[in-house]
**Q** 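The structure's right below; bear with me while I get my questions together.
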Amino acid sequence: MMSRTILFPSGKPEQKETLAEYRRRGGYDGYCWAVTHDGAAAVIEQITQARLRGRGGAGFPTAQKIALCAQAEGRHKYVVVNGGEDEPGSFKDRTLLEYTPHAVLEGALLAAFAVGANQVIFYTNEGYTEARERIWEALEEARMAGFLGDEILGTNFSIDADTKAAPTPYVAGEDTAVLEALEGREPKPRPKPPYPVTAGLNGQPTLVNNVETLANIPPIIRYGPEWYRRIGTAESFGTMLYSLNEEWANPGVYELPYGATEGELVKLAGGLKSGAPLRAILHGGPSSAFLLPNPDRVLSPESLRAENSSIGCGVTRAYGESTCMMDVALDIARFFAKECCGQCPACRMETSNIATILEKVLLGQAPALMLDQIPKLLEFNKGKGYCSLINMPGPPLLSAMKLFPEDFEAHLKTGSCPTK
Ligand SMILES: Cc1cc2nc3c(=O)[nH]c(=O)nc-3n(C[C@H](O)[C@H](O)[C@H](O)COP(=O)(O)O)c2cc1C
C-alpha cells in the first residue's frame, strides 16, 4: 500500500529515535549522496520538483527561497531552523525535535549544502528544554559520524551547528524578528525588503525555515520528488502535522497526507473530550477563520483557502455546542493585542482598539454600531505593519461574527452568553 506518512512511520510520534535508528530507515543516505555525488544544484532541483511548501504558516515555496539564498553573495551564509513555535496550541515542531531530531538536522544540513552555508542555528522556544537536549545529542552523534564538522566525507563542504533559545513573545518566530533575537536585540520584525535570503543574520544571506519544512527535505532527496508527489492532492504534496490540544479526547500530533478529510482527523482525535457535538472548528490556529464542522471537508491549503480560511501550521481547535463564540473571539483579540510588539502604530492601534471594543460588547456596554467598527479597522490597517500580525485578527474575528451573530447580539443586548 502507498505510504500515507513521511515524518512519522505510523502517523504519530512513537519512539524517540537515535542516530542508529534513523540510519536504519535510510537517514543521512540522501545527505551523503548529495554531498559526495549530486551537488547543490541537484538538491535544489529535487526540492523544486517536489514543490515543497513551507509548513511554518505562510506556505512559501521552499525551493524558491533556497535558490535565492544560494545565488546571494555573502562572506558567510546561515541556515536557521525556526522552532520558535509560540503559536497557541502548536507543538508539532517540539514533537519533531524530541522524537526525530536527526530528520530535522539532516534537512537543515541538506539546505545548508544547497545554499552554501557553513552554519546551522537551531532556534527553539526557550521552554523546550528536552527538545534542546535532544538536538545537542543529535549534533554530537552527527559529529562522531562525520556528518557535521570540517570537510564532510572528504569533500570541501564544512558545516557547524548550534542551538539558541528563542524568546517567548509570539512575534519572536517571525523570520526577521528571529534575526534580531539572534543578533542580541529585542525580537521585533524588520521592514522588508531586504529579505533574510539576501541580507539576514549579521547582514549575510540567511535561510530561515520551519522545523517541519526542513524535516521534509531528506525523504525528497532519498526517495525522489516523484515519490513525494504521490502523497497529497493535485496541488499540494506531502503531509501535514496537526497539533491537537486538550479539548480533544486524544490530544497529540498526527500526520496526515494533504487531502485527508476533516472527518478522518476528528476520528483520530476521538471527538471532543466532553463528548459534546462540535459547534465550530478552527484549522490553522488563531489567525485562521472559524468554520462550521464538515466531516467531508478536504484538508489542504487550497481547499481551506477556498473557504477563506487556512491550514496555517496545522493547529486544529474545536469548540463544543455550549461554547460562546463571542468569548472565543475576545480571547483571540486579546492575544493579538498582547502579542503586538508595539513598533508599528497601525498594528498597536488596531489590535488594542479591537480588544477594547469586544470587551465592551462582552459586558453589554457597547452601542450596536460599535461592532461595525471592527471590519473597518481591519480593512483600513491591512498590510500597514512590518509583519503580518496586523492582518491576523481579521479571519477569526470576521468569521466568528458572520457565523455566530446571535452570540454577539446577545452580548450587545444583555451582556451575557446565549449558550450558557
Ligand atoms: C507573528 C509571527 C510569528 C511567527 N512565528 C513562527 C514560528 O514560530 N515558527 C515558524 O516556523 N514560522 C513562524 N512565522 C513565519 C516566519 O516568519 C517564516 O515565514 C517561516 O519561518 C518560514 O518558514 P517556512 O517557509 O519553512 O514555513 C511567524 C510569522 C509571524 C508573522
Side-chain angles (χ1 to χ4, degrees), residues 3-17 22 25 50-60 62 81-108 122 124-125 128 130-131 134-135 173 209-220 228 231-233 236-248 250-262 264-270 281-288 297-301 303-304 309-318:
S3 168
R4 294 186 82 231
T5 65
I6 290 174
L7 302 173
F8 294 118
S10 73
K12 55 187 188 171
E14 301 271 1
Q15 56 155 9
K16 297 189 175 166
E17 210 172 37
Y22 183 59
R25 61 181 182 105
R51 290 193 247 159
L52 175 63
R53 283 180 174 268
R55 303 300 202 257
F60 194 82
T62 306
V81 183
N82 192 352
E85 201 170 43
D86 261 306
E87 172 112 357
S90 183
F91 53 102
K92 49 103 181 171
D93 294 336
R94 169 169 64 75
T95 305
L96 274 173
L97 291 167
E98 285 179 3
Y99 282 79
T100 179
H102 281 289
V104 186
L105 176 58
E106 188 189 357
F122 283 83
T124 50
N125 189 303
Y128 288 2
E130 185 184 343
R134 294 281 293 142
I135 299 165
N209 271 124
N210 175 255
V211 169
E212 183 184 345
T213 312
L214 292 167
N216 270 274
I217 294 179
I220 292 172
Y228 190 80
I231 304 169
T233 66
S236 301
F237 306 109
T239 64
M240 186 85 192
L241 294 181
Y242 296 93
S243 302
L244 302 184
N245 288 263
E246 293 304 320
E247 73 268 27
W248 295 102
N250 309 319
V253 168
Y254 294 89
E255 181 181 12
L256 284 173
Y258 281 137
T261 62
E262 185 178 295
E264 277 180 77
L265 184 62
V266 171
K267 193 165 170 216
L268 287 172
I281 196 155
L282 184 65
H283 296 287
S287 55
S288 206
R297 175 174 291 121
V298 170
L299 300 181
S300 70
S303 58
L304 288 170
S309 190
S310 90
I311 205 155
C313 64
V315 179
T316 298
R317 305 306 306 245

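Sequential numbering from 1 along the given sequence is applied to the chain's residues.
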**Q** Is a side-chain donor or acceptor of Glu246 paired with a backbone partner of Pro251 at a separation under 3.5 angstrom?
**A** no
**Q** Please list, chain by chain and in numerical order, all residues satisfying side-chain contact (heavy atoms from CB on, under 4.5 Å) with Lys16, sequence neighbours excluded.
**A**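 side-chain contact (heavy atoms from CB on, under 4.5 Å) check on Lys16 returns Glu98, Tyr99, Glu130, Arg134.
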**Q** Could you walk me through whether Ile311 and Met240 pass the side-chain contact (heavy atoms from CB on, under 4.5 Å) check?
**A** CA-CA 9 Å; Ile311 205 155; Met240 186 85 192; 4.2 Å; yes
**Q** What closest approach, in Å, do Trp248 and Ala269 show between heavy atoms, and which atom pair accounts for it?
**A**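 Closest approach of Trp248 to Ala269, heavy atoms only: CE3-CB, 3.3 Å.
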**Q** Does any N or O in the side chain of Ser303 come within less than 3.5 Å of the main-chain N or O of Ser300, such that one atom is a donor and the other an acceptor?
**A** yes
**Q** Go through the steps to decide whether Ser236 and Arg53 satisfy the test side-chain contact (heavy atoms from CB on, under 4.5 Å), and finish with yes or no.
**A** CA-CA 8 Å; Ser236 301; Arg53 283 180 174 268; 5.6 Å; no
**Q** Are any non-hydrogen side-chain atoms of Glu262 and Leu304 less than 4.5 angstrom apart?
**A**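 No - every pair of side-chain heavy atoms lies 4.5 Å or more apart.
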**Q** Taking all non-hydrogen atoms of both residues into account, name the closest pair between Thr5 and Glu255 and its distance.
**A**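 Result for this residue pair: CB-OE1, 3.4 Å.
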**Q** What distance separates Ser90 OG from Tyr242 OH, expressed to the nearest 0.5 Å?
**A**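 With rounding to 0.5 Å, OG (Ser90) is 13.0 Å from OH (Tyr242).
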**Q** For the atom pair NZ (Lys12) and CG (Asn250), what is the distance rounded to the nearest 0.5 Å?
**A** 8.0 Å
**Q** Distance-only, no hydrogens or angles: does the Asn125 side chain make a donor-acceptor pair with backbone N or O of Gly84 under 3.5 Å?
**A**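 The answer is yes, because a donor-acceptor pair under 3.5 Å joins these two groups.
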**Q** For Asn82 and Gly173, work out which heavy atoms get closest and say how close.
**A** ND2-O, 2.7 Å
**Q** Passes side-chain contact (heavy atoms from CB on, under 4.5 Å), Ile281 versus Val266? Steps please.
**A** CA-CA 10 Å; Ile281 196 155; Val266 171; 4.2 Å; yes
**Q** Return the CD1 to CG distance between Ile231 and Leu256, rounded to the nearest 0.5 Å.
**A** 12.0 Å
**Q** Any chance the side chains of Ser288 and Ser309 put a donor and an acceptor closer than 3.5 Å?
**A**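 Note: Ser288 and Ser309 side chains meet the donor-acceptor criterion.
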**Q** Using only atom types and a distance under 3.5 Å, with no angle test, would you say the side chain of Glu247 pairs donor to acceptor with the backbone of Ala318?
**A** yes
**Q** What do the steps show when you test Val211 against Glu85 for side-chain contact (heavy atoms from CB on, under 4.5 Å), and what is the final call?
**A** CA-CA 9 Å; Val211 169; Glu85 201 170 43; over 6 Å; no
**Q** Supply the atom-to-atom distance Phe8 CZ to Leu241 CG, rounded to the nearest 0.5 angstrom.
**A**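 Result: 6.0 Å between the selected atoms.
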**Q** Minimum heavy-atom separation for Leu96 to Ala215, with atom names?
**A** CD1-CB, 4.3 Å
**Q** Grab the two heavy atoms, one from Leu97 and one from Ala131, that are nearest each other, plus how far apart they are.
**A** CB-CB, 3.9 Å
**Q** Are the side chain of Glu106 and the backbone of Ala103 linked by a donor-acceptor contact shorter than 3.5 Å?
**A** no
**Q** To the nearest 0.5 Å, how far apart are CZ in Arg297 and OG1 in Thr261?
**A**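 The OG1 atom of Thr261 is 10.5 Å from CZ of Arg297, to the nearest 0.5 Å.
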**Q** Taking side-chain contact (heavy atoms from CB on, under 4.5 Å) as the test, write out the residues that go with Asn216, two or more places apart.
**A**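 If we apply the side-chain contact (heavy atoms from CB on, under 4.5 Å) test to Asn216, skipping adjacent residues, the hits are Ile6, Leu7, Leu52, Arg55, Glu212, Tyr228.
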**Q** His283: which residues meet the ring pair (Phe, Tyr, Trp, His ring centres under 6.0 Å) condition with it, sequence neighbours left out?
**A** none
**Q** Please give me the minimum heavy-atom distance between Gly89 and Asn245, naming the atom from each residue.
**A**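 Smallest heavy-atom distance, with atoms named: O-ND2, 2.9 Å.
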**Q** Can you tell me how far the OG1 atom of Thr316 sits from the OH atom of Tyr254, to the nearest 0.5 Å?
**A**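 Spacing of OG1 (Thr316) from OH (Tyr254) equals 12.0 Å.
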